[in-house]
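Remember, predicted model here, so these are calculated numbers, not experimental data. All chains are named by letter (A, B, ...) in the order of the sequence lines, taking the proteins before the strands, and each is independently numbered beginning at 1.
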Number of protein chains: 2
Amino acid sequence: MKISAQEEYGLRCLVQLANLQPGESLTLPQIAEREGISTANAGKLMWLLNKAGFVHSTRGTKGGYFLARPASEVRLNEVIKVLDQDVLNKHCESYTGVLDSCVHNGDCGIRPVIVGLHEIVENALSQITLAQLVGTESSVDAMFHQIKGIHRTLEAQRI
Amino acid sequence: MKISAQEEYGLRCLVQLANLQPGESLTLPQIAEREGISTANAGKLMWLLNKAGFVHSTRGTKGGYFLARPASEVRLNEVIKVLDQDVLNKHCESYTGVLDSCVHNGDCGIRPVIVGLHEIVENALSQITLAQLVGTESSVDAMFHQIKGIHRTLEAQRI
DNA sequence: GCAAAACATTATTTTTTTGTCAAGATTGGT
DNA sequence: ACCAATCTTGACAAAAAAATAATGTTTTGC
C-alpha cells in the first residue's frame, strides 16, 4: 500500500510553488532540479496540475509556474485525486454501485476494509492544505498526533 | 494511493481459510477458483503466507491450506506487511534514520504527511482481525464509522 | 511400489507504471 | 523580425509489478 511516485512528486512540486512569494514563479528546470527528477518528468506532472487548475503557467523567456489559488484553499485530497486516479483503488466498485462484474459480489468480507481505508485516508488528507506545508514548522505533525491518539483510545475500548 | 493486487488477493485468500470449520482445508485450485485468479498466482500468494507463518499446508492427495493461528489473533497490518514490503512506502526513510541519500533532506515539507498517513493506516489495520471478516455480518463497518465520526469532530475543531 | 493429487520454487512472459525524448507552440527581449 | 527561453504534447523506452509457465518434491490411496 503506497503513494505512487506521481502522487508524491506532484505534491512536492506544488509545495515548491506554495513557498514562493507573490509574483514569483518557477521554471520547469528549477522545479526538476530541486526534486532530483528530470525536466521532462516534472513537465508532465506540472501539466497534470495545470490541467486540473491548481497552477497557472506563462510561456516565453520569463515564463514559469505559480499557484492558481491561495495555498490555504488547496486541500491535499484534491491534489492526490488529480495525480492519480483516486485516493485509494476500489477493486470492489460494485459496493458503490459502479461495477457489477466483480467475482466477489455477495460475500466479500474485505470490501468494508477497502472502502473504510479509502475514507480514512481521504478524510485525513482533506484536513491538510498546502499552506500547512510551507516552511519548516508544519502543523501537520500535531494533527496526525491527535488522530493517532484517538485511534489508541478506540483500541482501548475494544471496538 | 492504492492497495496492491498482491495485498488484496492475499488477504482475500486468508479470509477464505478463516471461514473454514476446524479440520477443513482448501486446495490451491479451490482457492484460485473462488477468487477468479489462476492457480499459479494463488500458489505464489499462499507461498508467501506460508513462509510468514500465517498458514500451514499439507501435500499429497488430501492436502491443502489452513490457518496456522486462530483468526482472532491475526491482525491485518501484519498480513499486509508480509504481502508487500510495508503498509506504506517511505520515500523519506531518512526521517526514521535509515537512508540519508534523499534529495529532500533538510526542508521536506511533505515528509510528515507521508509518515502520518503511514501510521494512520497501520493503526486502523492493526485494529482489525481476520475473525472480524468472517461471515457476512462484519463489525468492521462499525469501527470505520466511528473513526470517520472522530475525523469530522477534528475538522470542526479546525485542527 | 506406482500413479495421481497436491504443494514448492524458480524462471519467463505480460502488463502496468514511470520516465525520457523530440518536435511544436508561445512569449519576451533585442 | 529574429532568437532564445519557456511551456505543451504525443510518441517512445525503461523499470517495476503482476501473472503465467514450468519443473521439482511430497503424500495418499491402491
Q: Closer than 4.0 Å, any side-chain N/O of B:Lys2 to the OP1 or OP2 of C:dT17?
A: yes
Q: At 4.0 Å (heavy atoms only), tell me whether A:Gly43 reaches a base, stays on the sugar-phosphate, or touches nothing.
A: nothing
Q: Can a donor-acceptor pair be found between the side chains of A:Gln16 and A:Gln30 at a distance below 3.5 Å?
A: no
Q: Compare the minimum distances between each of D:dA21, C:dT27, C:dA5 and the side chain of B:Ala40, then state the nucleotide with the smallest one.
A: D:dA21
Q: For A:Gly60 and A:Thr39, find the nucleotide of DNA chain C closest to each by heavy atoms; which residue's nucleotide sits nearer the 5' end?
A: A:Thr39
Q: C:dT17, OP1 or OP2 - any side-chain N/O from A:Tyr9 closer than 4.0 Å?
A: no
Q: Nearest whole Å is fine: how far is C:dT10 P from B:Leu48 CG?
A: 12 Å
Q: Of all the choices, C:dT20, C:dC7, D:dT6, which nucleotide is nearest to the side chain of B:Leu28 once you look at every atom?
A: C:dC7
Q: Given the structure, check if the side chain of A:Lys62 and the base of C:dG29 hold any donor-acceptor pair shorter than 3.5 Å.
A: no
Q: Whole angstroms only, please: what is the CG-P distance between B:Leu45 and C:dC7?
A: 14 Å
Q: Give the intermediate values and the outcome of side-chain contact (heavy atoms from CB on, under 4.5 Å) for residues B:Leu133 and B:Asn19.
A: CA-CA 9 Å; B:Leu133 300 180; B:Asn19 276 289; over 6 Å; no
Q: Could you tell me the separation between the CE atom of A:Met46 and the C1' atom of D:dT6, rounded to a whole number of Å?
A: 13 Å
Q: Backbone N or O of B:Gln21 within a donor-acceptor pair of the B:Glu24 side chain at under 3.5 Å?
A: yes
Q: Considering only D:dT20, D:dT27, D:dC7, which nucleotide approaches the side chain of B:Asn41 most closely?
A: D:dT20
Q: What is the nucleic acid contact for A:Leu26, judged by heavy atoms within less than 4.0 Å: base, sugar-phosphate only, or nothing?
A: sugar-phosphate
Q: Can you figure out which of C:dG19, C:dA8, D:dT8 approaches the side chain of A:Arg59 most closely?
A: D:dT8
Q: Give the rounded distance in Å between these two atoms: NE2 of A:His56 and P of D:dT8.
A: 11 Å
Q: B:Asn50 side chain N/O closer than 4.0 Å to the phosphate oxygens (OP1, OP2) of C:dA8?
A: yes
Q: Keeping the roles fixed (side chain from B:Gln127, backbone from B:Asn123), state whether a donor-acceptor pair exists under 3.5 Å.
A: yes
Q: Do B:Val15 and B:Leu130 make a side-chain contact, defined as non-hydrogen atoms from C-beta onward lying under 4.5 Å apart?
A: yes
Q: Can you measure A:Lys44 atom NZ to C:dT20 atom P for me and round it to whole angstrom units?
A: 10 Å
Q: Which nucleotide in the set C:dT18, D:dA18, C:dA6 lies at the smallest distance from any side-chain heavy atom of B:Ala5?
A: D:dA18
Q: Taking atom P of C:dG19 as reference, at what distance in whole Å does atom CD of A:Gln6 sit?
A: 8 Å
Q: Just N and O in the side chain of B:Trp47: are any of them under 4.0 Å from OP1 or OP2 of C:dT9?
A: yes
Q: Are OP1 or OP2 of C:dT20 and a side-chain N or O of A:Ser38 less than 4.0 angstrom apart?
A: yes
Q: Could you state the atom-to-atom distance from CD of A:Glu8 to P of C:dT17 in whole Å?
A: 18 Å
Q: Among D:dA19, C:dC7, D:dC7, which is the nearest nucleotide to the side chain of A:Ser57?
A: D:dC7
Q: Round to the nearest Å and state the distance from A:Lys51 atom NZ to D:dC7 atom C1'.
A: 15 Å
Q: Apply side-chain contact (heavy atoms from CB on, under 4.5 Å) to B:Glu7 and A:Met1, showing your working.
A: CA-CA 8 Å; B:Glu7 289 170 329; A:Met1 185 167 187; 3.7 Å; yes
